[in-house]
Amino acid sequence: MPIRGTLSGRGRNAALPALFLLSVLPAQAPGLPSVFVEGRVVDAQHRPIGAALVRAELDGVEIARCAADAMGQFTFAALPQAFVVLLATAPTPDIGAVEVDLLGESRAFAEVALLPARKVSGTLRDDAGKAIEGAWITAAPSDLPLFTPAACMARSDANGYYELTHVLMGPARMRFWAPGHDGQGAAIDGHEDVTQDATLPHGEERVLEVAIESDSPELLAAARLMVSSRSGAALPPPLLHPEQDRPGHWTVRGWCFPGELAVHLACKGAVVTPSVTQLASDARQQTISFRVDAEAPSLQGTFTAAGKPDAAGLHFAGVGLLAQPLEGPANNWNRIYTTVVASGAFTMQSPVAAGEWFAMRTLSNRVVFDANAQNPTWFLGQFLDREDWSIPTKTAHSVHVVLQRADGKPAPGCRVSVSMRPRAREGQPADSYPILIGLGVSNTDGTCDIQCLSVPAEVDLLLEVVGAEGGKSVRAAAGADARTDFGVCELDAPAILFGHVRHYDGRPAIAYRVRLGRDLGGESDVRLIVTDREGRFRVSDLPLGVWYVKTVPGNSSMQRTLFPGRECELLLNIQ
């Protein structure tokens, strides 16, 4: 089954750098309403999994849980507007997870694909042979970043015993850590249950200290340190957000995996320098210093009408505004949120230091930037001292569609993309390269609303739908009233790619990775699917065309062309 990518928030656009859309679970901005999230849990053949347990995690901590119904459907009535991980497990054992960005959303849909898991257990002892109680044990898939949210964690008991009940089959990275000991790691693979013991020597040879340069006791107390793993390894809660050992000072001990940790500092109401993540080096002891300045200039400016007909009568009061760094590591904590006053003025903490580039977008269905970037939803600027930004805005455009299968039932979970193409003038050829301006996912009732679009006059909008329920391409002229309604769209039957992966002796290749790829004129579209316990897979949400199929690892490869409504069977043999 395909491994789902991250669902981004309003103005889901692809024109900015990929790092722009990556972030690690920032806290929800105050005053933002909760998000209604629905979804479904499916297996490797895209069949619904009933009674699966679904947990919502924010910053590594469970904040809500529910059980999927007989059709695999689940609902969370109120999740925060932040990056949230939805982790699903079944007794089989199977596990799956997806990370969703809910910032700027009021309703969202997510599909969680369950993959075969196994049990990993063992005993932890110190270098004197004594059992270690209360140690943290984590395991996370290590072959691709999209797998890493499917992580699991346990604590050792009084006998040093631990048990991880749902570790995704295939390559995984394990970490063992306990206060007063140097941590240890292990790499595991395969699909059988594993016994993995570890010895954690006494002492904490590797020490990372983080300090703040500030004369303000209030800022020192308010600063929050966040630690993450560059490799995707799951971190124990005491390491994710270590407590200050004295005002403005933290010490991380015993995490002896060189170059793996990344640290971030957040301090409300102040500018943190440097804003880019500092990486722990291979040194056994290292000190990282941040400067926190409450007197640093704020990011400020004013929304103005763009001087176009669709900008007339704009109302700015209460418009949400998001600012974040343009560049930086994938673990980007610096998302700052504020609201605009009636005059269009705003003042907010800068997410970057002086001289660095930032990006802003609105979180409103009413107003969007007439921006200065290739992507019309974002405004890009360089943060300089004492500069007041004047940002042209216009009425936000939205797209609405209701997706149905051929039998009239709703088609949830379909990926919907909106592109625009300038309308051809008489005697001139049409632009043959549509510009992608928005992405969305259809809800349980088949509806999909894509908000905060910047659509110029005299353009055609192209709606592309791809999903397990089918696909469709629809073209329409942009609506004159800032909303284009495609109405009810009946999907064409999907192309289905299914098959088996087997060893040459006939055994099923359990939880085997299969790479699907196609060439898009210099760009590539790559998917990764995973087989079930019978070595089977089924994919029905691929765009039509020629796809190259290859086992990973392995030497079995072939090419297939997908046609609408037709099934294509594959048999892949591996050594």
Side-chain angles (χ1 to χ4, degrees), residues 7-13 15-16 20-21 23 26 28-37 79-83 100-108 299-324 335-349 351 358-373 375-381 389-400 418 420 437-441 447-456 461 478-485:
L7 304 177
S8 56
R10 288 196 189 279
R12 302 180 179 101
N13 296 300
L16 289 177
F20 209 51
L21 299 178
S23 191
Q28 177 176 341
L32 292 177
S34 297
V35 184
F36 177 81
V37 178
L79 292 182
Q81 290 196 31
F83 278 87
V100 292
D101 183 5
L102 302 178
L103 185 63
E105 299 287 352
S106 59
R107 182 183 183 188
L299 181 59
Q300 60 187 23
T302 305
F303 284 11
T304 62
K308 299 179 180 179
D310 59 359
L314 289 179
H315 300 285
F316 300 126
V319 169
L321 178 63
L322 168 71
Q324 66 183 62
R335 300 206 300 186
I336 310 298
Y337 172 83
T338 191
T339 55
V340 181
V341 300
S343 65
F346 65 88
T347 300
M348 63 194 309
Q349 175 185 336
F358 65 88
M360 293 193 299
R361 65 182 173 95
T362 68
L363 300 178
S364 168
N365 297 339
R366 297 182 285 113
V367 178
V368 70
F369 293 145
D370 190 32
N372 59 350
N375 184 312
T377 302
W378 293 86
F379 177 88
L380 308 184
W389 292 93
S390 178
I391 304 180
T393 57
K394 58 192 297 186
T395 300
H397 200 97
S398 65
V399 166
H400 174 79
V418 179
M420 65 180 182
I437 60 173
L439 299 170
V441 177
T447 61
C448 181
D449 290 280
I450 303 177
Q451 312 280 2
C452 287
L453 301 179
S454 179
V455 178
L461 294 181
D481 59 351
R483 184 174 187 262
T484 300
D485 191 343

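A donor and an acceptor atom, one from each side chain of H397 and S454, are nowhere located under 3.5 Å apart.
The distance from atom CZ of R361 to atom CG of L380, rounded to the nearest 0.5 Å, is 13.0 Å. Rounded to the nearest 0.5 angstrom, H315 NE2 and T395 OG1 are separated by 9.5 Å. Remark: L103 CG to Q324 CD distance equals 8.5 Å, nearest 0.5 Å. Separating the OG atom in S398 from the CG atom in L453 is a distance of 7.5 Å, to the nearest 0.5 Å. If you take CD on Q81 and OG on S34, they are separated by 8.0 Å, rounding to the nearest 0.5 Å. Note: L321 CG to S364 OG = 10.5 Å, rounded to the nearest 0.5 Å.
Taking 4.5 Å as the limit, some side-chain heavy atom of R483 sits within range of a side-chain heavy atom of D449. Residues I450 and L439 are not in side-chain contact: their nearest non-hydrogen atoms beyond the backbone lie 4.5 Å or more apart. Taking 4.5 Å as the limit, some side-chain heavy atom of L363 sits within range of a side-chain heavy atom of Y337. Between F83 and R335, some side-chain heavy-atom pair lies under the 4.5 Å cut-off. Considering only heavy atoms from C-beta on, L299 comes within 4.5 Å of M360 through its side chain. Put simply, the side chain of L461 reaches to within 4.5 Å of the side chain of V455, judged on heavy atoms. Residues F346 and V341 have side chains not in contact (no heavy-atom distance under 4.5 Å, counting atoms from C-beta outward). At a threshold of 4.5 Å between non-hydrogen side-chain atoms, the residues T302 and V340 do not count as touching.
Of the listed residues (T304, L314, D370), just one forms a side-chain contact (heavy atoms from CB on, under 4.5 Å) with T393, and that residue is L314. Remark: of the listed residues F316, W389, F379, F316 is the sole one forming a ring pair (Phe, Tyr, Trp, His ring centres under 6.0 Å) with F303.
For Q349 against I336, the heavy-atom pair with the smallest separation is O-CG2, 3.5 Å. Between A323 and M348, the shortest heavy-atom contact is CB-CE, 3.7 Å. When every heavy atom of R366 is checked against every heavy atom of G318, the shortest pair comes out as NH2-C, 4.3 Å. Here the shortest heavy-atom pairing between A396 and C452 reads CB-CA, 4.3 Å.
Aromatic ring centres of F358 and W378: separated by at least 6.0 Å.
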What's the verdict on side-chain contact (heavy atoms from CB on, under 4.5 Å) for R107 and T447, showing C-alpha distance, side-chain angles and the deciding distance?
CA-CA 11 Å; R107 182 183 183 188; T447 61; 3.6 Å; yes
